[in-house]
Asker: 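First the structure, then my questions, so here it is.
In each ligand, atom 1 is the first atom listed, and ligand 1 is the first ligand listed. Note that the coordinates shown come from a computational prediction; the quantities given were computed from them, not determined experimentally.
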Amino acid sequence: MENNINWNFDNSYSRLSDAFKEHIKPVAVKNPELVIINESLAKELDLDLTKINKDKLSSLFTGNTLPEGSNTIAQAYAGHQFGHFTMLGDGRAILIGEHITSSNKRYDIQLKGSGKTSFSRNGDGRAALGPMLREYIVSEAMHNLNIPTTRSLAVVKTGEKIFRDTPLQGAILTRVASSHIRVGTFQYVAAREKKDELEILFNYVIQRHYTELKDSKNKAVDLLNIVMDRQIDLVVNWMRVGFIHGVMNTDNMSISGETIDYGPCAFMDTYDPKTVFSSIDHMGRYAYCNQPIITKWNLSRFAECLLPLIDENQKKALDIASEKINNFDEKYEDKWLKMMRNKLGLVGIDDKDKSLILDLLAWMHQKKVDYTNTFCHLMNFKTIDVKLFNDNIFMSWKERWKQRLKKNQNKPEISNQLMRKTNPLVIPRNHIIEGVLDEANENKLVSLKKLLKVLEKPYLEQENINNYQLPSNSNEKYQTFCGT
Ligand code: AMP
Ligand code: MG
């Protein structure tokens, strides 16, 4: 087979009810040209990229040629977008199949930007080079930060122009995910009000993601709990590194607990809990500090979908689901505190930990200090101007911190290890990404590749990376766009 790079497809989702998807092929593109391919991810997937030449790879990763065993579909889903319920679906993405690795792991392989589907509404089904490379950079960075995420296997230019405010180069991203099932997928099926369809999706999710629940007494309640745990872990991770997703609509919340949909996301530099980058988020619904609240809101929408499976008695089902959702705040607080203790290298628990943590955050906020670099400073790495830290409030805080570090028979090495595992030395900074994308638009990829290399090991010391650690010196407010 001329386009076989060891794909091993078994397309379980496309075998489900036709209610859940549309069978459709990617729309061919004019002149595919490979921009970047993720060799280490290809290796993890047991793919052999040496089997075919670059032209054939380009053709493969635009969907101009389809590999043997693929069965291309667009998935149906719905979602609350900024709080409003809408029927959606893959309007510019096509799942080419589920690839099974030699260790029996199953991954969705999806082409994003692959042309119109019946879910495209007014969109052109296409994507631009900048946003697809941005997704590639940030999703791979998230993976290397040890945060669950969809991944990026390739970006290929289509050789076609797409029109937004200006003409842009078209591109297709190959996204790899443990699945693309979203809270919105459940909402779509629940809105159809056919319990048998809901059961099909539900059983499929248990089988695909949560086999540990297959013998549980009330699977629906346990699924709600386990998805809640995964989502809390995820959002705590985002808070840890200062990641702002930017568009936490229910269709962008994955049932597997991976970060999905890198549109207007960005990392916070100066610490401000109200930080919002997305140009369309006027009310700050998805601001940094709102992310846990929105996670809970989205989980409540998920719980609503599961009600018919929780109990036949509606009132009883609602009581059970509400009780579970009400546990969110305490669970989140516990996990957030644990994460923040790790950021500060605090061993064990002390009554005053929360105020110690909040006082540091308040100082960073008040003095407009860089979030990531403050923790670098506490680990004795010199990244930004040390003068910032010669501040009375900070110095007296530091004294309290040092006293606390000594508690619980702690040793400095233990604290140091904890901090080094928790605090990245480098994150994908907005101004750096912008610079790299500007060059990539001019067909220059050196900076892109260098950035990706630096972001491969965010917790390790690397030489000559200070440029990547500095926040932007521009006072202009950074804005992101959905990239549609
Ligand atoms: P997103 O903002 O990427 O989460 O997308 C929300 C919805 O809009 C999804 O149903 C997408 O498939 C759809 N969509 C986004 N951009 C386009 C586009 N250019 N053409 C068609 N559908 C799109
Ligand atoms: Mg989306």
Side-chain angles (χ1 to χ4, degrees), residues 20-22 24 26-27 29 62-63 72-96 108 110-136 138-139 149-150 152 158 160-177 179-189 191 234 244-256 258-266 276-282 285-286 294 298 301-302 479-484:
F20 302 165
K21 84 280 177 174
E22 179 198 24
I24 185 172
V27 181
V29 302
T62 48
T72 54
I73 57 170
Q75 290 174 304
Y77 54 86
H80 275 91
Q81 300 193 301
F82 289 91
H84 302 286
F85 187 73
T86 321
M87 287 305 206
L88 299 161
D90 289 331
R92 58 159 171 174
I94 282 177
L95 179 63
I96 64 168
D108 271 12
Q110 193 199 58
L111 301 178
K112 185 169 172 184
S114 53
K116 281 190 194 169
T117 71
S118 63
F119 307 111
S120 297
R121 295 173 294 158
N122 296 322
D124 59 0
R126 294 298 186 194
L129 178 62
M132 293 306 99
L133 284 177
R134 198 165 186 282
E135 169 153 352
Y136 188 110
V138 184
S139 64
T149 176
T150 64
S152 299
T158 59
E160 295 172 5
K161 287 262 174 285
I162 66 163
F163 295 89
R164 297 298 179 255
D165 289 338
T166 49
L168 299 169
Q169 300 187 72
I172 292 174
L173 170 91
T174 303
R175 176 157 74 178
V176 179
S179 89
H180 285 84
I181 301 167
R182 309 141 190 269
V183 167
T185 316
F186 275 86
Q187 289 182 290
Y188 170 85
V189 174
L234 184 64
I244 300 167
H245 183 282
V247 60
M248 290 176 69
N249 296 331
T250 53
D251 50 300
N252 294 334
M253 186 190 249
S254 154
I255 294 299
S256 72
E258 289 175 344
T259 311
I260 187 171
D261 220 316
Y262 290 84
C265 64
V276 172
F277 292 112
S278 169
S279 60
I280 57 168
D281 190 359
H282 307 294
R285 180 180 169 94
Y286 300 137
I294 293 293
N298 289 349
R301 305 291 77 73
F302 180 50
Q479 269 209 327
T480 55
F481 303 89
C482 270
T484 49

Asker: Indicate yes or no: at least one non-hydrogen side-chain atom of Ile260 is less than 4.5 angstrom from one of His180.
Answerer: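 Heavy-atom side-chain distance check passes, below 4.5 Å.
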
Asker: I'd like to check which ligand 1 atoms, numbered from 1 as shown, lie under 4.0 Å from a non-hydrogen atom of Arg164.
Answerer: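 Contacts of ligand 1 toward Arg164, numbered from 1: 19 (N).
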
Asker: Looking at Val247, Asn252, Thr480, Val138, which hits side-chain contact (heavy atoms from CB on, under 4.5 Å) with Tyr262?
Answerer: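 So, applying the side-chain contact (heavy atoms from CB on, under 4.5 Å) to Tyr262 and each of Val247, Asn252, Thr480, Val138, only Val138 qualifies.
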
Asker: Is Gly125 near ligand 1, meaning one of its heavy atoms is under 4.0 Å from it?
Answerer: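 Gly125: in contact with ligand 1 (<4.0 Å).
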
Asker: Provide the number and element of each atom of ligand 1 under 4.0 Å from a heavy atom of Asp251.
Answerer: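 So the atoms of ligand 1 that pass are 4 (O).
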
Asker: Within less than 4.0 angstrom of ligand 1, does Asn252 place any heavy atom?
Answerer: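 The answer is yes, since Asn252 has a heavy atom less than 4.0 Å from ligand 1.
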
Asker: Should Tyr77 and Ile181 count as side-chain neighbours, where that means a heavy-atom distance under 4.5 Å?
Answerer: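 SC-SC contact between Tyr77 and Ile181 ruled out.
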
Asker: Under the side chain to side chain contact (heavy atoms under 4.5 Å, CB included) criterion, do Asp124 and Arg164 qualify, and how do the steps go?
Answerer: CA-CA 10 Å; Asp124 59 0; Arg164 297 298 179 255; 2.7 Å; yes

Asker: Checking the N or O distance criterion of under 3.5 Å, is ligand 1 in contact with Gln81?
Answerer: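 No: no nitrogen or oxygen of Gln81 is under 3.5 Å from one in ligand 1.
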
Asker: Going through the distances and angles, do Lys21 and Thr117 end up as a side chain to side chain contact (heavy atoms under 4.5 Å, CB included)?
Answerer: CA-CA 10 Å; Lys21 84 280 177 174; Thr117 71; over 6 Å; no

Asker: How far apart are the C-alpha atoms of Gln187 and His80, what are their side-chain angles, what is the distance that settles it, and do they pass the side chain to side chain contact (heavy atoms under 4.5 Å, CB included) test?
Answerer: CA-CA 9 Å; Gln187 289 182 290; His80 275 91; 2.8 Å; yes

Asker: Would you mind listing which atoms of ligand 1 come within a distance below 4.0 Å of any non-hydrogen atom of Arg126?
Answerer: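 In order of numbering, the contacting atoms are 19 (N).
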
Asker: Using 30° and 60° as the class limits, which term best fits the ring planes of Phe186 and Phe302: parallel, tilted or perpendicular?
Answerer: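 Phe186 vs Phe302 ring planes: perpendicular.
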
Asker: Would you say Ser139 and Thr149 are linked by a side-chain donor-acceptor pair, where the criterion is simply a distance under 3.5 Å?
Answerer: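 Judged by distance alone, the side chains do not pair up.
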
Asker: May I ask you to check whether Leu88 has an N/O atom sitting below 3.5 Å from an N/O atom of ligand 1?
Answerer: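 No, no N or O pair falls under 3.5 Å.
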
Asker: Looking only at distance, does Gly91 have an N or O less than 3.5 Å from an N or O of ligand 1?
Answerer: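 Yes; at least one N/O pair falls below 3.5 Å.
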
Asker: Check ligand 1 against Arg121 and write out every atom of the ligand that is under 4.0 Å from a heavy-atom position of the residue.
Answerer: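 Counting atoms of ligand 1 from 1, those under 4.0 Å from Arg121 are 7 (C), 8 (O), 10 (O), 13 (C).
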
Asker: Do any heavy atoms of Arg182 fall under 4.0 Å from ligand 1?
Answerer: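 The answer is no: ligand 1 sits nowhere under 4.0 Å from a heavy atom of Arg182.
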
Asker: Is any N, O or S atom of Asn252 under 2.8 Å away from the Mg ion (ligand 2)?
Answerer: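 Yes - counting backbone and side chain alike, Asn252 has an N, O or S atom under 2.8 Å.
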
Asker: I'd like the atom name of the N/O/S atom in Asp261 lying closest to the Mg ion (ligand 2).
Answerer: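 This residue's closest N, O or S atom turns out to be OD2.
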
Asker: Step through it carefully: locate the ring centre of Tyr188, locate the ring centre of Phe20, and say whether they are under 6.0 Å apart.
Answerer: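 So the answer is no for these two rings.
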
Asker: May I ask which of Tyr262, Phe119, Tyr77 has a heavy atom nearer to atom 9 (C) of ligand 1 than the others do?
Answerer: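 Checking each option, the heavy atom nearest atom 9 (C) of ligand 1 is found in Tyr77.
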
Asker: Does an N or O from Asp124, backbone or side chain, lie closer than 3.5 Å to an N or O of ligand 1?
Answerer: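 Between Asp124 and ligand 1, an N or O pair is found under 3.5 Å apart.
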
